[in-house]
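Heads up: the structure comes next, in structure tokens.
Within every chain, numbering begins at 1; the chains are lettered A, B, ... in the order of the sequence lines, protein sequences first and strands thereafter. Since we're looking at a predicted model, the values are computed, not measured.
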Amino acid sequence: DAGVTQSPTHLIKTRGQQVTLRCSPKSGHDTVSWYQQALGQGPQFIFQYYEEEERQRGNFPDRFSGHQFPNYSSELNVNALLLGDSALYLCASSPDRGPAGNTIYFGEGSWLTVV
Amino acid sequence: KNEVEQSPQNLTAQEGEFITINCSYSVGISALHWLQQHPGGGIVSLFMLSSGKKKHGRLIATINIQEKHSSLHITASHPRDSAVYICAALLHNTDKLIFGTGTRLQVFP
């Protein structure tokens with residue numbers, strides 16, 4: 001049983017470009033959360049998707065958007081990239097609507113470098 | 001001031017030593033997660049606590065809801081325990097996790 005898988009693992013983009021990151025949750029999980037982790041920092045919550053809708057959102061600008069598909073996989077889109085968007089982007093999945101009372105499973109992350 | 005604070009930020013130990021990592025939070029929570037992150041990024045969930053104490057192998061996690069404090073203990077530490085340990089608080093009535101900045105642990109043989 002595959003855990004949470006993310007793609008791509010590493011990518012380099014130029015300022016102003018757009019990027020799409022992908023996440024497949026662990027089998028049986030219906031809730032996907034996205035986090036941004038800058039170097040040397042703890043992860044910051046971006047948003048959470050459940051039943052194809054954004055259910056919770058952290059303090060990130062509208063340049064950060066997402067989507068969840070009927071098979072529960074998810075995408076994170078970032079428009080008009082800034083140098084400060086360079087970070088590790090982590091996807092986490094959990095069953096039954098979220099991490100309350102549940103173990104959360106993280107993917108290996110996507111390393112984004114903006115130059 | 002961060003809503004979730006961890007101490008120490010960095011910790012070195014000799015193999016076999018008893019390790020304690022502390023986490024304090026200032027918000028109302030419904031649960032607290034302890035996570036382990038290895039170089040390269042992968043994060044593994046160690047514990048999810050809402051009260052009391054949990055033990056898994058050489059790892060023990062405790063939480064005191066009244067004092068808004070949690071600890072992660074590692075008994076008989078081993079070099080393979082070297083990693084960053086992160087506590088994450090689940091905000092009450094939400095699914096939003098607030099993370100500490102992590103404790104970098106290095107265990108030397």
* **Heavy-atom proximity to chain A below 4.5 Å, by part of B:Q37** => side chain

* To do: For atom CG of A:N71, decide whether the heavy atoms of other residues, nucleotides or ligands shown that lie under 6.0 angstrom number more than 12.
  => yes

* Would you find more than 12 non-hydrogen atoms of other residues, nucleotides or ligands less than 6.0 Å from A:R15 atom CZ? -> no

* So what's closer than 4.5 Å to chain A heavy atoms on B:L35: side chain, backbone, both or neither? -> side chain

* Can you tell which part of B:S50 gets under 4.5 Å to a heavy atom of chain A, answering side chain, backbone, both or neither? => neither

* To do: Under 4.5 Å heavy-atom distance to chain B, tell me which part of A:Q6 shows up: side chain, backbone, both or neither.
  => neither

* Asked: Do B:I86 and A:Q37 come close enough that some side-chain heavy atom pair is under 4.5 Å?
  -> yes

* To do: Tell me, with the steps shown, if A:Y35 and B:F99 meet ring pair (Phe, Tyr, Trp, His ring centres under 6.0 Å).
  => CA-CA 10 Å; A:Y35 300 89; B:F99 291 78; 5.0 Å; yes

* **Within one Ile-Leu-Val-Met-Phe-Trp-Tyr cluster: B:I21 and B:V84, side-chain cutoff 4.5 Å** => no

* For chain B, which residues of residues 107-115 of chain A have heavy atoms nearer than 4.5 angstrom -> A:G107, A:E108, A:W111

* **Structural part of A:Q56 lying under 4.5 Å from a heavy atom of chain B** => side chain

* **More than 12 heavy atoms of other groups within 6.0 Å of B:H38 NE2** => yes

* Determine, using the 4.5 Å side-chain heavy-atom cutoff (strictly less than), whether B:W34 and B:V27 are members of one ILVMFWY cluster. => yes

* To do: State yes or no: do B:I63 and B:L90 share one hydrophobic cluster built from I, L, V, M, F, W and Y residues joined by side-chain heavy-atom distances below 4.5 Å, directly or via other members?
  => no

* Asked: Which pair of non-hydrogen atoms, one from B:S45 and one from A:I104, has the smallest distance, and what is that distance?
  -> CB-O, 3.3 Å

* Are more than 12 heavy atoms from other residues, nucleotides or ligands located less than 6.0 Å from atom CD of B:Q14? -> yes

* Asked: Does CZ belonging to A:F47 count more than 12 external heavy atoms closer than 6.0 Å?
  -> yes

* Verify the cluster assignment for A:F106 and B:L46: are they in a single hydrophobic cluster under the rule of side-chain heavy atoms below 4.5 Å apart? => no

* CD of B:Q9: more than 12 outside heavy atoms within 6.0 angstrom? -> no

* To do: Against chain A, label B:I43 side chain, backbone, both or neither, depending on which of its atoms sit under 4.5 Å from a heavy atom there.
  => both

